[in-house]
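For reference, the structure discussed in these notes is given below.
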Amino acid sequence: MLDAKYFREELQQTAERLKTRGYTLDVEAIAALESKRKTLQVRTEELQSERNSRSKAIGQAKAKGEDIQPLLDAVGDLGSQLETAKAELNTLQAELQQIIQGVPNLPDTSVPVGRDESENQEISRFGEPRQFDFEVKDHVDVAAALGNGLDFESGAKLTGARFVVMKGQIARLNRALTQFMLDLHTEQHGYSETAVPYIVNHDTLFGTGQLPKFGEDLFHVEGESQDKIALSLIPTAEVPLTNLARDEILDEQALPVKLTAHTPCFRSEAGSHGRDTRGLIRQHQFDKVELVQLVKPEDSMDALEALTAHAEKVLQLLELPYRKVQLCTGDMGFGACKTYDLEVWLPAQDAYREISSCSNMGDFQARRMQARFRRQGAKKPELLHTLNGSGLAVGRTLVAVLENYQQADGSVVVPAVLRPYMGGLDVIRG
RNA sequence: GGAGAGAUGGCAGAGUCCGGUUGAAUGCACCUGACUUGAAAUCAGGCGUGGGUUCAUACCCACCGGGGGUUCGAAUCCCUCUCUCUCCGCCA
């Protein structure tokens, strides 16, 4: 969420910056609502103030044993006036809230302006796509040749489309990847391993920005009744990890907070019907190792570079070719002010595909969830900056390993760094 | 699942029965100043969060787990939800 004060005072400028990410703000309508709000709020608070002083006077009179009836009569219809004003103000503020809660973050000034992903900028490449002297199979066929290690039929039977059952060495490889990533980030990159709930409440989802706008992307847990608290499955560990700071004021010395967690991620993929229907690329459930940092504002841009490098390190150690892309203004996510995507080379698709997205959210999420810190000796707490990135999406990493490490005889070489996690196994055979 | 107790500021802990000048006593922690060569101790003062009006100073509003209600007035009364603790039952 943007700062409400800044939003209304620099409305025109805000609108212009939002335009670069393809978001149009109805400046005139908002300005009109805003001026109404101002009048109404001042009026309402005046009424409240008057009610308070009259009530106080009644209390004092009563304490002195005076007759309070005249005072009670003098109150008149103040109560009903207040009630009307309050109701009107509430409606108006709800309207303004809804608008500002739906406004995406402002892109950092360093972000290239562009309409969509075609205008993203490649920053760097690592590794050379391997030359194959045989016909490359995609990961689905590679796994099939290894004894039905990716069983989509069973996934469909047990649950439905976009679910999979992993078996044997493939299942183990999935686990090995997860373990390897967690060990790397905790032992080499200074993150604290964290185990979090996979089901969260709606305050939590509001905090990171999934709600109220993107509820259709989530799986919701059916509540028992309307009053009971509504819960949803997490679409990423970013949600529980970042919300650990919700409604907290951290000590300056506690920063930066660096957290990592392995969780399954659940996404409804509403609006992706027909896309990536084959294989593991787009599942309703997949494993991911997430990186989250909570930092001081002046540190967040450096932290983004570092966090992205931590995710890159996974690909480098796995010796998977990838490229680093900076998203343009039009392609960034709702809460991000700057984002790098990492795209891994998939030989069967002859293309680079997203395997990690690392974003600096600035104070956007922190404001929504009142996640703050206090500088030493300072009176006022300040909003934190929050960052997150995949380090990495395990399912897609599995795809990349299967495709890039396949051999002519149908076997798959186990990347060297994973062998300790595979009981020393160096090749997976059918 | 059954029975009971509770939720107050960074922490501890009054106030809640009997509603009123209580944004909230007191202690600890913390900050500033005095004393001191320095520190400790002592003394004096300060010390919650969010929002609004304002160039500013300042003033005002809201908040005692969340939401709703009663009332001129609610931390205090009523309803409801959530969470925590104790006991019983069940269970990985």
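The sequence lines fix the lettering, A, B, ..., with proteins before strands; numbering per chain opens at 1.
- Residue A:R43 is classed as having no contact, given no heavy-atom separation below 4.0 Å to the nucleic acid.
- Within 4.0 Å of A:K380, counting heavy atoms only, lie sugar-phosphate atoms of the nucleic acid but no base atom.
- When both distances must be under 3.5 Å, the Watson-Crick or G-U wobble mate of B:C18 does not exist.
- Going from atom NZ of A:K5 over to atom P of B:U54 covers 11 Å, rounded to whole Å.
- Remark: A:R368 is positioned above the aromatic ring of A:F206, its terminal NZ or CZ atom under 6.0 angstrom from the ring centre and at most 45 degrees off the axis.
- B:C63 and B:A75: their P atoms are spaced 7 Å apart (whole Å).
- Straight-line distance between the P atoms of B:U42 and B:G52: roughly 43 Å, to the nearest whole Å.
- For B:U82, the paired base is B:A7 (Watson-Crick or G-U wobble, both distances below 3.5 Å).
- In summary, the side chains of A:R43 and A:Q81 do present a donor paired with an acceptor at a separation below 3.5 Å, with no hydrogens or angles considered.
- Of the side-chain N and O atoms in A:K38, one or more sit less than 4.0 angstrom from OP1 or OP2 of B:U54.
- Side chains of A:V292 and A:V257 form no contact here, defined as non-hydrogen atoms less than 4.5 Å apart.
- A:R162 has its side chain out of reach of A:F286: every pair of non-hydrogen atoms, C-beta onward, lies at least 4.5 Å apart.
- Between A:F152 and A:F163, the gap from one ring centroid to the other reaches at least 6.0 Å.
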Item to complete: Verify ring-ring contact (aromatic ring centres under 6.0 Å, His included) between A:H385 and A:F364, making sure each step is shown before the conclusion.
Response: CA-CA 8 Å; A:H385 277 200; A:F364 188 84; over 10 Å; no

Shorter than 3.5 Å, N or O on both sides, protein versus nucleotides 8-18 of chain B: list them out with atom names.
none

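- Across all strands, A:R37 comes closer than 4.0 Å only to sugar-phosphate atoms, never to a base (heavy-atom distances).
- We find that NE2 of A:H202 is positioned 16 Å from C1' of B:C81, with the value rounded to whole Å.
- In terms of phosphate contacts, A:R367 brings no side-chain nitrogen or oxygen within less than 4.0 Å of OP1 or OP2 of B:G50.
- Contact annotation: the side chain of A:D276 approaches that of A:R353 to within less than 4.5 Å [non-hydrogen atoms, C-beta and beyond].
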Practice prompt. Mark up nucleotides 58-77 of chain B, 5' to 3', with B wherever a protein heavy atom is under 4.0 angstrom from a base atom, S wherever such an atom reaches only the sugar-phosphate, and - elsewhere.
Written response: --BSS---------BS----

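- Of the N and O atoms on the side chains of A:T204 and A:N201, at least one donor lies less than 3.5 Å from an acceptor on the other residue.
- Relative orientation of the A:H185 and A:H189 rings is tilted, given thresholds of 30° and 60° on the angle between their planes.
- Using a 4.0 Å heavy-atom cutoff across all strands shown, A:Q41 reaches sugar-phosphate atoms only and no base atom.
- Protein atom CD of A:E9 is 11 Å distant from nucleotide atom C1' of B:G52, rounded to whole Å.
- Contact check for A:R375 versus A:E382: side-chain heavy atoms found under the 4.5 Å cut-off.
- At a threshold of 4.0 angstrom between heavy atoms, the contacts of A:A63 include nucleobase atoms, whether or not backbone atoms are also involved.
- We find that CG of A:L40 is positioned 14 Å from C1' of B:U53, with the value rounded to whole Å.
- Straight-line distance between the C1' atoms of B:C59 and B:G73: roughly 22 Å, to the nearest whole Å.
- When the P atom is used for both B:G51 and B:G46, the distance is 26 Å, rounded to whole Å.
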